[in-house]
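Counting convention: from 1, in listed order, for ligands and their atoms alike.
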Amino acid sequence: MTKSANTMWGGRFAAGPDAIMEAINASIGYDRRLAPQDIAGSRAHAAMLAATGIISDNDAEAIREGLLTVLSEIETGDFPFSTALEDIHMNVEARLKELVGEPAGRLHTARSRNDQVAVDFRLWVRDQCDQADEALNALQQALLGQAEAGADWVMPGFTHLQTAQPVTWGHHMLAYVEMFARDRSRFADARARMNTSPLGCAALAGTSFPIDRDMTAKALGFDRPMSNSLDAVADRDFALEFLASASICAMHLSRLAEELVIWSSAQFRFVKMSDKWSTGSSIMPQKRNPDAAELIRAKIGRIFGANVALMTVMKGLPLTYSKDMQEDKEQTFDAADNLMLALAAMTGMVADMTANRDNLKAAASSGFSTATDLADWLVRELGLPFRDAHHVTGSLVAMAEDRACDLPELTLSDMQSVHDGIRPDVFDVLGVENSVASRTSYGGTAPSQVRAQIAQWKDVLK
Ligand code: ARG
């Protein structure tokens, strides 16, 4: 027995689709998430159709009430989703027809699923930009809390993961506040660019009905209607910009996560994760595993994967709409969900972790971290050219290494054996506290700089 032809376009079809055709064609399994946006778009469209006299006020009112019923059925889980009806647009419209009858058939006047899906998805992605912004704000607050608690705590700064120079904990935390601020501005830029309305572009060419696109754009919170109907139904770069911003943000999260993994290890012991954010091992009782940090570190994989996937889907597609574009949603949903989860988890972890001030300082004091301070002292106090100072310092580091001690533990005569001009006050700059306190250049690690930056961020982050 052949299935009956589709009620939406069955006019020229004698039979329904093959079961596998239906399976590959349907998006309702995931695009049901767009129901609120789909209904908002339909409400705006119906109100506009009535305001322009394209449909009657009575029909518009029936549509409006029917759509509200559909929305509440979806919210309460009572909505009969059907794969045969392919996607959210046709599911909603078919149910509307059951609820209100004939007026439902007028809703699709001067519209196509092509502009409909473009509207729905844009609204959804726009909302994700707002959610990302909010989540990033919370994460910045958590980092700022850490920065404030340890504005002047000394820790090793690394390059190549080798001890480089002492820095402050507050400074390190603020580095991430900066990165996440740029992520926020990327989402904000993407949002501003995507905030134009495709509604009324219909299938691709616009419509002969006297529609008011400004009215629907305004009703949906868009800045204006998109200017080219072909572009409007073919464009998915708004989703790509979201995914690109999400990828960069996930990359930042992954770097912080990696630091937390390293820092919480027994070898470093810079931070202790709270019990809430640690897991144990079923076999090794001593373990406190930073699973959440590891998973956040890994999330970039699927988020950047979604970015690459959609870029690849869109590449080479002729204008305008092609069904390929239905593949835009599933991975974007997944990427957004996982980004929000990673942001929330990172915020919780950062807020709850405890930095170990003593271990940070002990680590900062080892590894000849003040060698640059010594070289700078030789330049400043003895007038050596920096290259010569570098050489003298290198010899002193080698001497300390030979004796398995740190630079401040060398005696004055050890130092003078390498350069006879060295005076006892050199020891002032070999202490890590003095080292960080001296780095007062703008953006530098000195506690005075860090505190000034914290004060500015507190103003910005509300
Ligand atoms: N489910 C479709 C999508 O997500 C909606 C648009 C369908 N348009 C069409 N001409 N078949 O892209």
Side-chain angles (χ1 to χ4, degrees), residues 5-13 16-18 20-42 44-45 67 70 74 79 81-97 105 107-128 194 197-207 216 220 226 229-240 242-243 306 309-337:
N6 187 295
T7 49
M8 297 291 169
W9 59 69
R12 75 179 290 258
F13 284 72
D18 187 275
I20 293 178
M21 172 60 199
E22 190 172 289
I24 194 172
N25 205 32
S27 53
I28 189 62
Y30 46 87
D31 71 10
R32 59 178 67 188
R33 286 183 74 158
L34 298 178
Q37 289 77 13
D38 195 69
I39 288 166
S42 288
H45 187 65
L67 287 170
V70 172
I74 291 173
F79 188 87
F81 286 108
S82 150
T83 310
L85 287 167
E86 202 181 311
D87 59 24
I88 186 64
H89 324 295
M90 295 203 290
N91 268 267
V92 169
E93 194 183 323
R95 180 72 185 130
L96 186 67
K97 181 107 194 285
L107 172 59
H108 216 50
T109 314
R111 186 179 77 167
S112 148
R113 277 190 297 156
N114 294 350
D115 59 340
Q116 203 178 346
V117 72
V119 170
D120 294 5
F121 197 34
R122 244 169 219 268
L123 289 174
W124 192 88
V125 173
R126 186 180 77 182
D127 185 52
Q128 295 302 306
M194 78 178 65
S197 175
L199 192 53
C201 291
L204 74 164
T207 177
T216 48
L220 295 168
M226 291 178 79
S229 63
L230 304 176
D231 172 46
V233 298
D235 163 46
R236 291 294 180 273
D237 56 62
F238 64 90
L240 284 166
F242 169 75
L243 290 172
L310 183 54
M311 194 67 101
T312 313
V313 166
M314 296 309 293
K315 173 199 165 295
L317 284 187
L319 300 188
T320 54
Y321 178 85
S322 297
K323 193 70 177 231
D324 308 50
M325 288 160 65
Q326 179 166 287
E327 288 287 310
D328 59 359
K329 283 177 276 299
E330 211 172 358
Q331 296 198 60
T332 306
F333 292 161
D334 180 82
D337 289 346

Counting C-beta onward and ignoring hydrogens, is there a side-chain heavy-atom pair between [X] and [Y] closer than 4.5 Å?
X	Y	result
Phe238	Arg126	no
Ser42	Gln116	yes
Met90	Ile28	no
Ile39	Val92	yes

| remark: Heavy-atom proximity to atom 8 (N) of ligand 1, picking from Leu34, Asp120, Asp324, Asn114, points to Asn114
Would you mind checking which non-hydrogen protein atom is closest to [atom], with the distance to 0.1 Å?
atom	answer
atom 5 (C) of ligand 1	Asp87 OD2, 3.4 Å
atom 4 (O) of ligand 1	Lys329 NZ, 2.5 Å
atom 11 (N) of ligand 1	Arg113 NH2, 3.3 Å

| message | Is it true that, when you exclude Lys315 itself, more than 12 heavy atoms of the residues, nucleotides or ligands shown sit nearer than 6.0 Å to its NZ? | response | no
| query | Less than 3.5 Å between some nitrogen or oxygen of Gln326 and one of ligand 1, yes or no? | reply |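 Yes, Gln326 has an N/O under 3.5 Å of an N/O on ligand 1.
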| said: Tyr321 versus ligand 1: do any nitrogen or oxygen atoms come within less than 3.5 Å of each other? | reply: yes
| note | Exactly one of His89, Arg32, Arg33 clears side-chain hydrogen bond (donor to acceptor under 3.5 Å, both in side chains) with Asp38, and that residue is His89
| Any heavy atom of Gln116 sitting closer than 4.0 Å to ligand 1? | no
| query | Can His89 be said to touch ligand 1, with heavy atoms closer than 4.0 Å? | reply | yes
| query | Of all the atoms in ligand 1, which lie at a distance below 4.0 Å from a heavy atom belonging to Ser27? | reply | 1 (N)
